[in-house]
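Okay, so here's the structure we're looking at.
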Number of protein chains: 2
Amino acid sequence: MDNKKRGLLIVISGPAGSGKGTLIERLMKSSDRFAYSISATSRPRLANEEDGVNYWYLTREEFEGRISRGEMLEYTEYCGNYYGTPLEEAVATIESGKHLILEIEVDGAMQIKERFPDALLIMILPPSYKKQEERLRTRGRDTEEQILRRLEVTKREIAYLDNYDYVVINHDGEMDRAASDIFAIIHAETLSVKRNLNIRDSFFDN
Amino acid sequence: MDNKKRGLLIVISGPAGSGKGTLIERLMKSSDRFAYSISATSRPRLANEEDGVNYWYLTREEFEGRISRGEMLEYTEYCGNYYGTPLEEAVATIESGKHLILEIEVDGAMQIKERFPDALLIMILPPSYKKQEERLRTRGRDTEEQILRRLEVTKREIAYLDNYDYVVINHDGEMDRAASDIFAIIHAETLSVKRNLNIRDSFFDN
């Protein structure tokens with residue numbers, strides 16, 4: 001298979017209030033070259049949710065079976081429930097030539113980087129810690145306790161920055177700029193020598 | 001000095017017929033964020049040339065003095081004359097925040113990479129070896145002997161591809177595409193984590 005035709009495995013992380021969700025939505029709408037992975041979970045399906053749309057719903061036993069067979073690209077346990085990315089679907093997407101976008105927190109990102117060193121890791125950040133706090137309070141989605149917890153988690157997330165390839169600052173009212181940053185990163189990565197070593201031979205063949 | 005404000009040191013290499021000269025001209029015209037380095041040479045100044053425009057003209061002794069004092073970023077000897085990039089000017093340009101573009105062959109590029117591991121190395125290629133030969137014959141600038149020599153040199157250049165960061169194919173009639181590839185590469189590089197490690201601290205300061 002032509003190496004250049006494979007899609008990228010793109011991991012996007014970022015603290016609460018970084019706007020990564022909106023940015024990913026924008027990427028997905030911009031081109032059918034991007035695909036989004038539907039996570040699997042062992043938590044019960046809510047009334048307004050659909051299997052294969054919001055999540056793939058598995059029993060706890062099914063999920064653990066998949067983990068033990070190495071069928072999860074990454075997973076985490078949160079509040080007693082498993083959440084993770086099914087491996088087979090992810091690989092099929094990349095092989096089809098689409099760039100697979102995964103919105104994942106730092107622990108899952110590290111699992112992916114270990115298993116797929118070629119994964120592209122991007123961290124989205126609010127302009128500053130102060131600005132992040134402001135955003136979390138303004139959006140009014142969380143309790144005071146949750147806000148303080150999210151801010152605390154951010155410190156840990158930033159400590160992982162060195163393990164990421166790129167960092168994009170999502171400034172207030174400049175979502176377009178952040179989106180074009182991400183486009184440039186993905187565009188450039190497809191031109192990286194490490195992803196195009198086949199050229200050393202194909203150059204002389206054609 | 002703010003790390004983010006430093007310009008990039010960008011090395012552009014490519015075989016004869018890759019169109020790198022035209023691409024670099026286009027970069028230079030596109031933004032005053034780019035600066036081009038004027039090379040120094042020990043060859044005599046021609047009647048239609050100007051000091052500080054085509055080259056900085058030095059005597060052989062002056063050039064060797066600069067080499068021995070480490071004042072050349074890279075240099076090479078060709079047909080009995082020295083050619084090289086003055087270090088001081090290059091550093092001043094980068095410190096001023098401009099991206100310095102150097103059009104340099106593979107040996108010089110390796111010298112720069114050793115001295116400045118952060119340099120960004122881009123190789124421009126024609127679509128194929130066959131296409132390259134066609135371009136060299138069509139442009140009618142070289143003798144048959146020169147063409148064969150240039151094609152031979154290309155094999156050596158491609159062998160250095162692994163040492164470059166990015167590879168851009170300059171397809172026939174698609175100069176715009178190659179230029180936008182280079183813009184994306186430079187844009188993405190300014191967002192690389194290794195060039196933005198200051199964010200780990202500045203995020204909490206502002």
Discussion item. Applying side chain to side chain contact (heavy atoms under 4.5 Å, CB included) to B/Thr154 and A/Phe203, what does each step give before you reach the verdict?
Written reply: CA-CA 10 Å; B/Thr154 299; A/Phe203 182 75; 3.7 Å; yes
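- Heavy-atom pairs under 4.5 Å with chain B peak, among A/Ile186, A/Asp165, A/Ile122, at A/Asp165.
- Residue B/Asp162 touches chain A through both its backbone and its side chain, counting heavy-atom pairs closer than 4.5 Å.
- When the candidates B/Leu121, B/Ile158, B/Ile185 are compared by the number of heavy-atom contacts under 4.5 Å with chain A, B/Ile158 comes out ahead.
- Both the backbone and the side chain of A/Pro126 have a heavy atom closer than 4.5 Å to some heavy atom of chain B.
- In this structure, A/Arg149 places its CZ atom where only 12 or fewer heavy-atom neighbours from other residues, nucleotides or ligands lie under 6.0 Å away.
- Classified by interplanar angle (parallel below 30°, tilted 30° to 60°, perpendicular above 60°), the ring pair A/Tyr129/B/Phe204 is tilted.
- Heavy atoms closer than 4.5 Å to chain B are found in both the backbone and the side chain of A/Asp181.
- Counting heavy-atom neighbours within 6.0 Å of A/Tyr83 OH, excluding the residue itself, gives a total above 12.
- Residue-environment remark: CD (A/Glu62) exceeds the threshold of 12 foreign heavy atoms within 6.0 Å.
- Atoms CE and CD1, from B/Met123 and A/Ile199 in turn, are 10.5 Å apart once rounded to the nearest 0.5 Å.
- Side chains of B/Leu191 and A/Ile182 form no contact here, defined as non-hydrogen atoms less than 4.5 Å apart.
- Heavy atoms of other residues, nucleotides or ligands lying less than 6.0 angstrom from CZ of B/Arg141 number 12 at most.
- In this structure, B/Tyr164 places its OH atom where more than 12 heavy-atom neighbours from other residues, nucleotides or ligands lie under 6.0 Å away.
- Dense packing is recorded around CD of B/Glu144, with more than 12 heavy atoms of other residues, nucleotides or ligands lying under 6.0 Å away.
- The nearest pair of heavy atoms linking A/Ala188 to B/Ala184 is CB-O, 3.8 Å.
- Taking a 6.0 Å sphere around CD of B/Glu49, one finds it holds more than 12 heavy atoms contributed by other residues, nucleotides or ligands.
- With a threshold of 4.5 angstrom between heavy atoms, A/Lys155 approaches chain B through its backbone and through its side chain.
- Looking at A/Ser180, both its backbone and its side chain come within 4.5 Å of chain B, counting heavy atoms on both sides.
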